[in-house]
Visitor: 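Please see the structure below; I have some questions.
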Amino acid sequence: MPELPEVETVARGLARAVAGKTIESVTVSLAKMVQAPGGVAFAAALRGERVESVGRRGKYVVMRLRSGRSLVTSLRMTGRLVLQREGDPDFPGTHAVLHYTDGTRLSFADVRTFGRMRLVEPDEPWDAALGIEPLSPGFTQQVFIGMLSGRTTPIKALLLDQHRIAGIGNIYACEALWAARIRPGRPSKALTKPAILRLHHAIRDVLTRATEMRGSSVDDYVDADGLRGGFQNVLSVYGKLGEPCPRCGAPIVRTVLAQRGTWWCRSCQR
DNA sequence: CTGAGATCCTGGGGGC
DNA sequence: TGCCCCCAGGATCTCA
């Protein structure tokens, strides 16, 4: 499931690969996968646009275009943005393709069709509801302390809430809570200050290390170049039901919290 | 504001 | 072996 590290990896790959390219044409084979403002045809709206840069916001890949508009892609769980050369066969499960003038193309594929590609106007506040970037300087200890203050929400649910912090998904929520030795179900306001500071550090640490390793390929995630990530090999708890906790040796358990599978150590996460 | 539940999909895992 | 059932998972919406 692409979360911040995976989306960052995809965006970096695309930044190298498609920045400066001009879109010659767009083909869409599943209309619901794409959206354009004001009911304008998505394909027509993109024709002739040039890609200025590619970045990330939360779990969204953002391609900034010459007109000032942005093409915002949500990969959800199984979405992929795959770069292909001229003559490469169509990628299986492709629903939209951006054809560039140099013959390369970017395929948007998603077997579960949950992903979305959306064209937004220059002044459109498409990310207004997204929370703070956890790796940005603005995500200070004080900001995090304030965020948890007075909230009864389980800390894991808070970490997953994109309105508060943008980019953390199930894998890194589980991993950060394990690293900080915090029980996922604890009410946010019940965390001690030392625990909050441990978690603040753990969030940034796990996201940074995972990004350095090009993300986690737990299922079939691959980046824009088709490469798998490496962080799945160093996960401590996610998906590790019954395996020994790397810290204390107790078996990892799986519970359900905020409708999500939650892996953690009953022994050393308090 | 907050949380719960439904919804969207399908590959793949579990059960028999 | 083969078949059926069921479910994970992120964002969004509705409802209490």
Side-chain angles (χ1 to χ4, degrees), chain A residues 1-11 29-35 56-62 71-81 91-96 108-120 124-134 146-177 184-190 207 210 215-222 228-229 231-232 235 237-243 252-264:
Chain A
M1 302 117 256
E3 304 178 25
L4 187 155
E6 292 77 28
V7 177
E8 179 68 27
T9 301
V10 170
S29 53
L30 186 59
K32 73 164 188 176
M33 302 290 290
V34 302
Q35 300 165 21
R56 176 195 60 77
R57 172 82 169 100
K59 301 176 192 174
Y60 298 85
V61 176
V62 183
L71 186 58
V72 179
T73 303
S74 167
L75 300 169
R76 294 291 187 94
M77 284 87 70
T78 50
R80 292 186 184 184
L81 286 170
F91 193 80
T94 294
H95 299 112
F108 181 36
D110 188 348
V111 286
R112 289 187 193 168
T113 72
F114 282 4
R116 292 292 182 270
M117 196 175 246
R118 178 178 162 204
L119 182 63
V120 299
E124 203 175 328
W126 69 271
D127 66 341
L130 279 184
I132 192 164
E133 287 289 329
M147 199 179 279
L148 272 55
S149 169
R151 305 206 177 275
T152 56
T153 308
I155 183 60
K156 190 196 175 198
L158 186 141
L159 295 183
L160 292 174
D161 186 349
Q162 302 300 300
H163 302 290
R164 305 194 193 284
I165 303 173
I168 300 175
N170 207 22
I171 296 174
Y172 300 109
C174 290
E175 291 295 311
L177 287 165
R186 278 197 95 180
S188 302
K189 68 178 184 182
L207 293 175
S216 303
S217 292
V218 170
D219 291 325
D220 52 359
Y221 159 77
V222 290
R228 286 169 59 81
F231 201 72
Q232 70 278 4
L235 291 172
V237 288
Y238 183 83
K240 305 286 186 184
L241 176 63
E243 294 184 32
I252 299 301
V253 299
R254 179 189 182 276
T255 56
V256 175
L257 205 158
Q259 288 105 343
R260 299 284 152 63
T262 302
W263 289 266
W264 56 291

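Chain identifiers are assigned alphabetically (A, B, ...) following the order of the sequence lines, protein sequences preceding nucleic acid strands; residue numbering begins at 1 within each chain.
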Visitor: Do the side chains of A/Glu133 and A/Arg57 get close enough for a salt bridge, i.e. N-O under 4.0 angstrom?
Guide: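 Salt bridge present between A/Glu133 and A/Arg57.
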Visitor: For C/dA11 and A/Arg116 - does any side-chain N or O of the residue sit under 4.0 Å from the phosphate oxygens OP1/OP2?
Guide: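 No, because none of the side-chain N or O atoms of A/Arg116 sits under 4.0 Å from OP1 or OP2 of C/dA11.
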Visitor: Categorize A/Arg118 for me: base, sugar-phosphate, or nothing, with a 4.0 angstrom heavy-atom threshold over every strand shown.
Guide: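 The residue A/Arg118 makes no contact with any strand.
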Visitor: Send over the distance from A/Met77 CE to B/dG11 P, rounded to a whole Å.
Guide: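 In whole Å, B/dG11 P lies 13 Å from A/Met77 CE.
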Visitor: Hey, are the side chains of A/Val256 and A/Arg254 touching, using non-hydrogen atoms and a 4.5 Å cut-off?
Guide: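 A side-chain contact exists here, since the closest heavy-atom pair is under 4.5 Å.
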Visitor: For A/Glu6 and A/Tyr172, what are the C-alpha separation, side-chain angles and deciding distance, and is it a side chain to side chain donor-acceptor pair (under 3.5 Å)?
Guide: CA-CA 11 Å; A/Glu6 292 77 28; A/Tyr172 300 109; 2.6 Å; yes
Visitor: Atom NE2 of A/His163 to atom P of B/dC1: distance rounded to whole Å?
Guide: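 So the NE2-P distance, A/His163 to B/dC1, works out to 11 Å.
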Visitor: Using only side-chain N and O atoms of A/Gln162, determine if any of them is under 4.0 Å from OP1 or OP2 of C/dA11.
Guide: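 Looking at the OP1 and OP2 atoms of C/dA11, one of them is under 4.0 Å from a side-chain N or O of A/Gln162.
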Visitor: What's the CZ-C1' distance between A/Arg76 and C/dA8, to the nearest Å?
Guide: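 That distance rounds to 14 Å.
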Visitor: With a cut-off of less than 4.0 Å, is there a side-chain N or O of A/Tyr172 near OP1 or OP2 of C/dG10?
Guide: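 No, A/Tyr172 has no side-chain N/O under 4.0 Å of OP1/OP2 on C/dG10.
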Visitor: Side chain of A/Arg151 only, heavy atoms from C-beta on: which candidate in B/dC1, C/dG10, C/dA8 is closest?
Guide: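 Per side-chain heavy atoms of A/Arg151, the pick is B/dC1.
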Visitor: Whole-Å distance between C/dG10 P and A/Arg57 CZ?
Guide: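 Taking atom P of C/dG10 as the reference, CZ of A/Arg57 is at 18 Å.
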Visitor: Say you draw a straight line from OG1 of A/Thr73 to NZ of A/Lys59; how long is it, rounded to the nearest 0.5 Å?
Guide: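 Taking OG1 in A/Thr73 and NZ in A/Lys59, the distance rounds to 15.5 Å.
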Visitor: Quickly work out the A/Leu75 CG to C/dA8 P distance and round it to whole Å.
Guide: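 So the CG-P distance, A/Leu75 to C/dA8, works out to 22 Å.
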Visitor: May I ask you to say what A/Asp110 touches in the nucleic acid, namely base, sugar-phosphate or nothing, with a heavy-atom cut-off under 4.0 Å?
Guide: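 No contact.
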Visitor: Can you tell which of C/dA11, B/dG3, B/dA4 lies closest to the side chain of A/Thr153?
Guide: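 So the side chain of A/Thr153 is nearest to B/dG3.
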Visitor: Can you check the A/Gln259 CD to B/dC8 P distance for me, whole Å?
Guide: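 In whole Å, B/dC8 P lies 16 Å from A/Gln259 CD.
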Visitor: Among the candidates B/dG11, C/dA11, C/dG10, find the nucleotide nearest to the side-chain atoms of A/Arg112.
Guide: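 Looking only at heavy atoms from C-beta outward on A/Arg112, the closest nucleotide is B/dG11.
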Visitor: Nearest whole Å is fine: how far is C/dG10 P from A/Ile168 CD1?
Guide: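 Rounded to whole Å, this separation is 12 Å.
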Visitor: From NZ of A/Lys59 over to P of C/dG9, roughly how many Å is that when rounded to an integer?
Guide: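 After rounding, the gap between these two atoms is 12 Å.
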Visitor: Does a side-chain heavy-atom distance below 4.5 Å link A/Val34 with A/His95?
Guide: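 Contact flag for A/Val34/A/His95 side chains = no.
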